[in-house]
Amino acid sequence: MLIRIAVAFFISSAILLSSSPSTIRIAESHEEGEEGHGSCDSGDLPQISADYRPGIVTVDGISDEWGEVDGVEMPLLPALDFDDDKAYGGGRMTVKALHDGRNMYFMLQVDGEFAYVNGDSSKCPSVALMFQIGETASYHRMGGCEDMPGTCTSKTCKGHEVDIMHFSIGNAIPGRLYGGNPIDNSNKTGSDSFGHLVDLYAWNPHCRYIDGVSPSGKQNDSVAQNDWQGSWWHNTLTLRSGFVAEDSPYAQGGQKGTYYFEFSRPLRTMDRLQQDAQFVIGQSSKFAVAFWYPVDGKPWRGSQHYSVSCDWLSLEVVSGAGFSSSQAGSGSSWGLPSALSLILSFVALCVSIFVGYMVFRPRSVPFTPIDNL
């Protein structure tokens with residue numbers, strides 16, 4: 001009886017172990033009007049939830065720890081012609097986010113054949129995140145200020161500010177960290193001299209500048225810096241011990257697989273000029289995602305990007321109230337170590353039952369005839 005109970009316990013535990021609590025919600029595309037945004041129904045756009053999950057993310061481009069984090073899968077359509085018939089042919093993009101109470105983390109997953117040309121970002125994939133800063137900043141026209149270069153300023157375009165992170169991987173080694181670094185941050189700008197993971201602000205597509213740099217080209221803030229860090233990966237890459245520049249192009253081109261772009265940024269920054277979005281726990285922010293890809297090997301241009309939405313997406317920074325420490329690693333705890341621990345526990349339970357049976361089993365005393373005494 002005890003053995004049957006132990007076996008039942010093991011089977012039920014194995015079922016729980018094999019099941020994954022993560023979910024990927026699938027969002028359908030949204031048709032737009034002839035001018036690119038006439039009939040966008042923003043009420044149907046999905047919401048991205050950034051749950052409180054401390055201590056599980058390492059920003060290295062590898063997605064293992066994101067396996068049980070919920071995400072939203074969305075089609076990639078041309079931003080300037082949001083039409084299903086012109087969707088990115090490689091597949092959809094899955095967007096995931098979480099926070100640890102100090103930093104925000106993002107994971108973008110998108111299928112695509114491996115494409116990499118060292119030093120030529122337009123022949124490599126590229127991604128960008130855009131966040132609303134000003135209350136009147138629109139998704140369309142990157143903030144929507146009507147002024148053009150030469151007249152757009154922080155005063156004339158006040159309220160139209162958007163925050164942008166753009167990562168072009170043409171000079172970035174997979175698995176290595178890029179973005180904010182001591183050299184560029186000492187210059188008080190949002191530049192990245194090593195991998196082109198840059199921190200920008202904009203009022204419209206023509207008035208777009210590196211953080212800390214004014215439209216005139218002068219530095220305008222003593223505390224500006226690149227607050228982003230990020231990395232990229234492709235699942236056809238096999239050398240996890242670490243690539244170096246001499247390994248370029250890192251894999252054979254044309255192999256089917258999935259790109260991973262992983263980023264982090266503090267919830268709050270030292271920005272004083274409306275150049276960074278500020279995230280607040282328990283509140284929502286508006287953001288968008290863009291993706292560039294060298295279709296058929298042809299270099300892309302800046303305006304030839306795909307988007308997952310036709311308007312702002314909602315990003316909810318979920319409070320960690322009620323969160324217990326035992327949940328901290330729940331996203332990755334049911335891996336191989338836990339499986340081995342469960343198996344060893346089962347074996348120990350069986351041994352204990354067997355030993356107990358041997359100790360307490362009924363013992364028969366042999367009959368000895370009295371004549372033999």
Side-chain angles (χ1 to χ4, degrees), residues 57-61 102-108 116-122 124-131 133 142-143 149 152-154 161-203 205-233 242-248 250 260-279 287 289-290 292 302 305:
V57 172
T58 300
V59 181
D60 55 6
R102 180 176 180 180
N103 294 303
M104 288 289 300
Y105 299 91
F106 298 88
M107 169 59 74
L108 311 179
Y116 187 87
V117 178
N118 187 38
D120 191 345
S121 291
S122 64
C124 307
S126 179
V127 294
L129 298 174
M130 181 172 71
F131 302 86
I133 302 176
M142 201 177 291
C152 57
T153 67
S154 59
E161 303 90 351
V162 294
D163 182 14
I164 300 171
M165 183 283 304
H166 188 201
F167 188 24
S168 296
I169 69 172
N171 292 310
I173 302 170
R176 301 297 184 180
L177 197 64
Y178 294 95
N181 61 83
I183 295 176
D184 288 304
N185 284 347
S186 67
N187 294 326
K188 314 301 182 184
T189 72
S191 298
D192 176 12
S193 301
F194 304 96
H196 197 75
L197 195 164
V198 293
D199 196 349
L200 308 157
Y201 71 99
W203 299 304
H206 308 287
C207 298
R208 185 175 70 252
Y209 310 100
I210 292 287
D211 277 16
V213 178
S214 69
S216 65
K218 297 181 179 180
Q219 293 180 219
N220 57 14
D221 189 10
S222 61
V223 297
Q225 63 179 9
N226 189 338
D227 294 291
W228 288 90
Q229 292 191 322
S231 186
W232 73 276
W233 195 258
F243 285 104
V244 295
E246 288 74 16
D247 296 322
S248 177
Y250 312 111
Y260 301 94
F261 302 93
E262 189 172 25
F263 306 103
S264 69
R265 203 215 78 170
L267 291 167
R268 307 282 294 181
T269 73
M270 296 292 290
D271 171 51
R272 301 185 301 205
L273 296 174
Q274 287 288 80
Q275 295 177 358
D276 287 339
Q278 306 297 331
F279 303 112
F287 85 116
V289 184
W292 291 258
H305 60 281

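If you're wondering where the values come from, they're calculated on a predicted model, not measured in any experiment.
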Checklist entry - If every non-hydrogen atom of Ile164 is compared with every non-hydrogen atom of Met130, which pair is closest and at what distance? => result CG1-CG, 3.9 Å
Next on the checklist: Rounded to the nearest 0.5 Å, what separates atom OG in Ser191 from atom CG in Leu200?
Outcome noted: 8.5 Å
Item to check | Note, Asp199 side chain near Asp276 side chain (heavy atom, < 4.5 Å) | outcome: yes
Checklist entry - Looking only at heavy atoms, what is the nearest atom pair of Pro149 and His206, with distance? => result CG-O, 3.2 Å
Checklist entry - Of all heavy-atom pairs between Gly61 and Ser231, which one has the smallest distance, and what is that distance? => result N-CB, 3.6 Å
Item to check | Residue list, side-chain contact (heavy atoms from CB on, under 4.5 Å) with Asp60, at least two apart or on another chain | outcome: Thr58, Ile62, Glu65, Glu262
Item to check | Residues in side chain to side chain donor-acceptor pair (under 3.5 Å) contact with Ser126, at least two apart in sequence or another chain | outcome: His166, Ser168
Next on the checklist: Taking side chain to side chain donor-acceptor pair (under 3.5 Å) as the definition, give me every residue that meets it alongside Asp247, ordered by chain and number, with sequence neighbours left out.
Outcome noted: none
Checklist entry - How about Tyr209 and Pro215: do any of their side-chain heavy atoms sit closer than 4.5 Å? => result yes
Checklist entry - Where do Ser248 and Asn118 come nearest, in terms of heavy atoms and distance? => result OG-CB, 3.4 Å
Next on the checklist: Taking Gly179's backbone N and O only, do any of them form a donor-acceptor pair with Gln229's side chain (distance below 3.5 Å, no angle check)?
Outcome noted: no
Checklist entry - Just one of Asn226, Val213, Asp211 clears the side chain to side chain contact (heavy atoms under 4.5 Å, CB included) bar with Thr189, so which one? => result Val213
Checklist entry - With side chains defined as the heavy atoms from C-beta onward, is the minimum distance between Leu108 and Phe263 less than 4.5 Å? => result yes
Checklist entry - Under 3.5 Å, side chain of Tyr201 to main-chain N/O of Arg208, donor-acceptor pair present? => result no
Checklist entry - Run the side-chain contact (heavy atoms from CB on, under 4.5 Å) check on Phe194 and Ile183 step by step: do they pass? => result CA-CA 10 Å; Phe194 304 96; Ile183 295 176; 3.7 Å; yes
Item to check | Ser264: partners by side chain to side chain donor-acceptor pair (under 3.5 Å), with sequence neighbours left out | outcome: none
Item to check | Selection residues 162-181 - residue pairs positive for salt bridge (Lys or Arg N to Asp or Glu O under 4.0 Å), sequence neighbours left out | outcome: Asp163-Arg265
Checklist entry - So Ile133 and Gln274, side-chain contact (heavy atoms from CB on, under 4.5 Å) or not? Walk me through it. => result CA-CA 7 Å; Ile133 302 176; Gln274 287 288 80; 3.6 Å; yes
Checklist entry - Between the side chain of Gln278 and the main-chain N/O of Thr269, is any donor-acceptor distance below 3.5 Å? => result yes
Checklist entry - Who passes side-chain contact (heavy atoms from CB on, under 4.5 Å) against Ser186, sequence neighbours left out? => result none
Next on the checklist: Does any part of the side chain of Ile169, heavy atoms only, come nearer than 4.5 Å to the side chain of Phe261, both counted from C-beta?
Outcome noted: yes
Checklist outcome for this item: In terms of heavy-atom contacts, Gly170 and Ser121 come closest through N-OG, 3.3 Å
Checklist entry - Among all residues two or more places apart in sequence or in another chain, which pass the side-chain contact (heavy atoms from CB on, under 4.5 Å) test with Pro182? => result none
Item to check | Leu129 vs Phe167 side-chain heavy atoms within contact, under 4.5 Å | outcome: no
Item to check | Interatomic spacing from CD1 in Ile173 to CH2 in Trp232 - rounded to 0.5 Å | outcome: 10.0 Å
Next on the checklist: If the condition is side chain to side chain donor-acceptor pair (under 3.5 Å), which residues does Asp184 pass it with, not counting sequence neighbours?
Outcome noted: Asn181, Ser193
Item to check | Partners meeting side-chain contact (heavy atoms from CB on, under 4.5 Å) with Ser154 (sequence neighbours left out) | outcome: Trp203
Next on the checklist: Run Asp227 and Gln225 through side chain to side chain donor-acceptor pair (under 3.5 Å) and show every step you take.
Outcome noted: CA-CA 6 Å; Asp227 294 291; Gln225 63 179 9; 3.0 Å; yes
Checklist entry - Under the ring pair (Phe, Tyr, Trp, His ring centres under 6.0 Å) test, which residues partner Phe279, sequence neighbours left out? => result Phe131
Next on the checklist: Are Trp233 and Tyr250 packed together at the side-chain level, in the sense that at least one heavy-atom pair is separated by less than 4.5 angstrom?
Outcome noted: no
